[in-house]
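Right, one structure below, let's go through it.
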Amino acid sequence: MTDFTTGAGVPRNTTSTELVAASLKRRRRKQSRLQWIGLGAISVAFLMLFILVSSLISTGWQAFTQTHVTLEVYVDPEEIPVDRLPRGGFDDALAASLGKMVPGVDMSDRKTARAVESILSNGAQFSLRDMVVADPDLIGQTITMKVPVSDPYDQLNKGLIERETPEENRRVKNNEIAWFDALVAQGAISKPFNLALFKNADSRFPEQAGLKGALVGSFWALLTCFLIAFPLGIGSAIYLEEFAPKNKLSDFIEVNINNLAAVPSVVFGLLALAVFIGWFGLPRSAPFVGGLTLALMTMPTIIIATRAALKAVPPSIREAALGLGASRQQVVFQHVLPLAMPGVLTGTIIGLAQALGETAPLLLIGMNAFITSAASSPFDSATALPTQIFIWADSPERGFVSRTSAAILVLLGFLVIMNAIAIYLRQKFERKW
Amino acid sequence: MNDMRQFERDVKMTNTKITARSVNVHYGDTHAIKDVDVDIADKTVTAFIGPSGCGKSTFLRCLNRMNDTIDICRVTGLINLDGKDINHKSVDPVQLRAQVGMVFQKPNPFPKSIYDNIAYGPRIHGLARSKADLDVIVEKSLRRGAIWEEVKDRLDQPGTGLSGGQQQRLCIARAVATEPEVLLMDEPCSALDPIATAQVEELIDELRQEYSVVIVTHSMQQAARVSQKTAFFHLGHLVEFNDTDQIFTNPQDSRTESYITGKIG
C-alpha cells in the first residue's frame, strides 16, 4: 500500500521535475543566445566607433602642429620706408633673409628666388607687415621671427609627402628637398602647436586656415537658437501640458509638433531661405539667421522633452499643492517646473548639441561662404563648425585633408562637452520621491 | 470616554458645517455618486466607510472641489459650507481649499525642507506678516501635527527624508498651517504601520477640538475609534448615516449590517 502510493507519487513528481528541468535548459539556452547577440551588437557598435575616431585622429592629429621656420629678418629701410606703411616689400625682406640660409641659390635669379620664397607661407609677409605697422621702430633692425612654411613643405616635414616617390609625381622637387634639409640642419625648422587653427579664420592657404570664424559663427548661431528656442519651447510645453484644454485642436497641435521633430533639416533651411532671407530681408550667411533656423528645428525637441519631464512629476505633488490652495499657476511654477527642470535642461542641451552639428539648413542660408575674418556680431557673415568642415572637405589642397579631420575632432569635442554637461545636470538635480 | 463623546456630540449637533443635498458625480459615463444627502457637523469627526469603489473618496473630493482638476468629472447638486454654495461661480476653488484642507492617502511632502513644507500654505495665502510670524506658525502647526519634538532640530532638512508615519504627520501639520475650518482626510493611515496609525488617530482626536474632520477609511475599527458620526457608502449610494455607535451596534440597513459584520466588501 505504502509502496504503491510512493510508486504512483514519485514518478509523477519526477516527470514534472524533469519537464521543468528540460524546459529550463531550453529557456537558459534562449537567454544565453540573447546575451551573446547583445554582446555582439555592442562589440560591433564599439568597433565602428573606434574605427571612426581612430581614423579621424590618425589623419587629424598632424593638423594640430604646424611646421615653422625661424628667420633673421632685416627690415630694410630702403625696401620698407616708414612713410609708405603699410605698403612695402615685406615679402622681399623675408625672401632675402631666407636666401641667406639656403646654400647654393642665386637669389638674383627671379625664378629661383620665387621657388625659394615659396617655402614660406604666403601669409608670412602679412604677419611681418602687422608687426612693423604696430611698431615702426623695427625698421632698420634685424628681428627674429618664426613663420609658418607653406603647405607642401609642411607635408614634407610631417612625412605626408614621401621622399621615395619618383620626383615627377612629387610636389616637392629634389632640389627643394635639399633646401629644406639645409634649413633642418641649421635647426631653423620647428613644429610647434598649431595655434593658427584656433586663432585664424578661414584662408585659401591651409597653413593659415583656422576655425576661429567657424567657432564664433557657431557660438552666435547657438546663442540665438537658445535665446529663441528655450523660452518659446518651455512656454509652449507648459501651456500644452498644464493649461490647454484637452480637445481635438490640442491633439492636432501635439501630433504636428511630434511630426515637426522628424522633418528633414534641409526643409527648415529652405523655409528659412524663403522666409527669413527672402521675405524679412535678413542678411545672408549671418549666424543670426542660422540661429533662427536652428531654433525652428530645436523647438520641437525642447517641447517634447519638457512635456515628458512635466508629465513625470508625480501627481501627488500637484494634489498636495492644490489641496493647500495653490492656484494652478503656482502649482506649475513653484512645484512642477522646478522638479521637471533637470529633464528640461537635458532635453535643451541635447537639442542644442543637435543644432551644433546641423549642416544642411546652414548651407541653404549661405553659411558656407568663404569668410576670412571672424564675425563680430550675429549679423556679420560667418561660417559654422559643420559648414567649415564641409568647405574644407571640398578644398583641393592636401593640407586641408588633415585639417578637415582636426575640425571634426573639435566639433566632436564640443558635442562631448555638451552631453557631459547634460549628464551632470541630470545627476545633480535628479530627485527621488 | 464614551459618555464624554456623547455629551460633546449632543452639544455640537446643531452646528452644521457642511450640508450636501442630492449630490451626483459622473466620471464620463460612470455614475459614481448617486443622490447623496449628508450633514457634516462642526468640531466632529465624521467617518466615511464602505467597500472599494463605493465613491467615498470621490464624495470627499467634492467637498473642496478637488474633482475640478479632473477633466471628465462632473458634479451636480448642492454643497453648502456655512450656508454658502461652494460650487457657485463666485467661489474661487483656491480660496475654498484654504478653508477646507486635505490630507491624502499617500504621504506627499514637497521635496523641500520641513520648514518650507509647513510655510508654503501660509506664504501663498499671506498669513504671516514677518519671518517671526512664520516661525510661530510653523512651530504651532508642527506641534498640532504632533511631530514638533521629532523634527525641531532639523527643520532645514528635506521632508522627504522622514519616515512614512512622520511624513503623514508632516502633511497633516502642513494642512492645518493654513488654518482651515474643515480637514478632509483620504485614508490617511493606509500607508502606515500600526504605531504610526495610532499616533495619527490620536492626532485626529485632538484636531476635533478645533476643526470639523472628515475621514475616509477602509478600517471599520478605525472609524469606530476616531469618529462620532459614520456614513456608509455602497455603490455610489449613501446607505446609512448616523452616530458611530448606532452604525456599529444597531445598523438600520441590512447592507450596513452585512458590511460591518464582514459579509460584503
Side-chain angles (χ1 to χ4, degrees), chain A residues 237-255 306-346 424-433, chain B residues 57 60-61 63-72 92-112 116-127 141 158-161 167-168 170-180 182-186 191:
Chain A
I238 289 175
Y239 178 75
L240 285 173
E241 193 58 40
E242 303 286 338
F243 297 105
K246 300 274 172 286
N247 54 26
K248 288 244 165 63
L249 181 67
S250 59
D251 284 350
F252 178 75
I253 291 173
E254 180 169 355
V255 168
T306 305
R307 291 189 69 174
L310 291 174
K311 244 182 228 157
V313 174
S316 65
I317 297 291
R318 290 167 209 267
E319 288 210 313
L322 280 174
L324 282 175
S327 68
R328 230 156 142 181
Q329 171 263 329
Q330 282 170 325
V331 173
V332 172
F333 285 94
Q334 294 171 352
H335 297 283
V336 179
L337 192 58
L339 292 174
M341 221 48 200
V344 174
L345 291 177
T346 311
Y424 171 76
L425 286 175
R426 193 165 51 209
Q427 307 237 316
K428 182 159 183 247
F429 293 113
E430 201 163 53
R431 282 178 198 275
K432 303 246 181 291
W433 284 283
Chain B
S57 287
L60 189 76
R61 291 166 63 95
L63 301 181
N64 67 345
R65 288 180 61 180
M66 280 299 274
N67 285 330
D68 286 15
T69 58
I70 302 166
D71 284 333
I72 55 163
D92 188 345
V94 167
Q95 201 188 347
L96 174 71
R97 288 178 202 140
Q99 246 176 312
V100 183
M102 188 157 191
V103 175
F104 296 86
Q105 182 172 1
K106 206 179 125 221
N108 53 359
F110 299 128
K112 301 179 181 213
D116 286 338
N117 261 283
I118 305 293
Y120 182 70
R123 269 193 194 130
I124 59 171
H125 296 301
L127 299 183
S141 309
T160 38
Q167 285 189 13
Q168 193 61 299
L170 178 69
C171 291
I172 295 172
R174 183 176 66 187
V176 300
T178 52
E179 300 284 345
V182 181
L183 196 56
L184 309 177
M185 300 179 134
D186 191 356

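Chain letters run A, B, ... following the sequence lines, proteins first and then strands; every chain starts at 1. Remember, it's a predicted structure, so these values are computed and weren't measured experimentally.
Residues satisfying the salt bridge (charged side-chain N to carboxylate O under 4.0 Å, His left out) criterion with B/Asp92, sequence neighbours excluded, are absent altogether. Partners of A/Glu241 according to the side chain to side chain donor-acceptor pair (under 3.5 Å) rule, which considers only residues two or more places apart in sequence or in another chain, are A/Arg307.
Pairs passing the salt bridge (charged side-chain N to carboxylate O under 4.0 Å, His left out) check and including a residue from residues 116-126 of chain B, sequence neighbours excluded, read B/Asp116-B/Arg123.
Closest of all the heavy-atom pairs between B/Pro111 and A/Ile317 is CD-CD1, 3.8 Å.
For a residue to count as touching a neighbouring chain, one of its non-hydrogen atoms must lie under 4.5 Å from one of that chain's; by this rule B/Phe110 touches chain A with backbone and side chain alike. Only the side chain of B/Arg61 comes within contact range of chain A, judged by heavy atoms closer than 4.5 Å.
Among B/Arg65, B/Arg97, B/Gln95, the residue with the largest count of heavy-atom pairs under 4.5 Å with chain A is B/Arg97. Put simply, of B/Met102, B/His125, B/Lys106, the one with the most heavy-atom pairs under 4.5 Å next to chain A is B/His125.
In the displayed structure, A/Phe243 atom CZ is contacted under 6.0 Å by more than 12 heavy atoms of other residues, nucleotides or ligands.
Using a 4.5 Å cut-off between non-hydrogen atoms, the part of residues 321-336 of chain A that approaches chain B consists of A/Ala321, A/Leu322, A/Gly323, A/Leu324, A/Gly325, A/Ala326, A/Ser327, A/Gln330, A/Gln334, A/His335.
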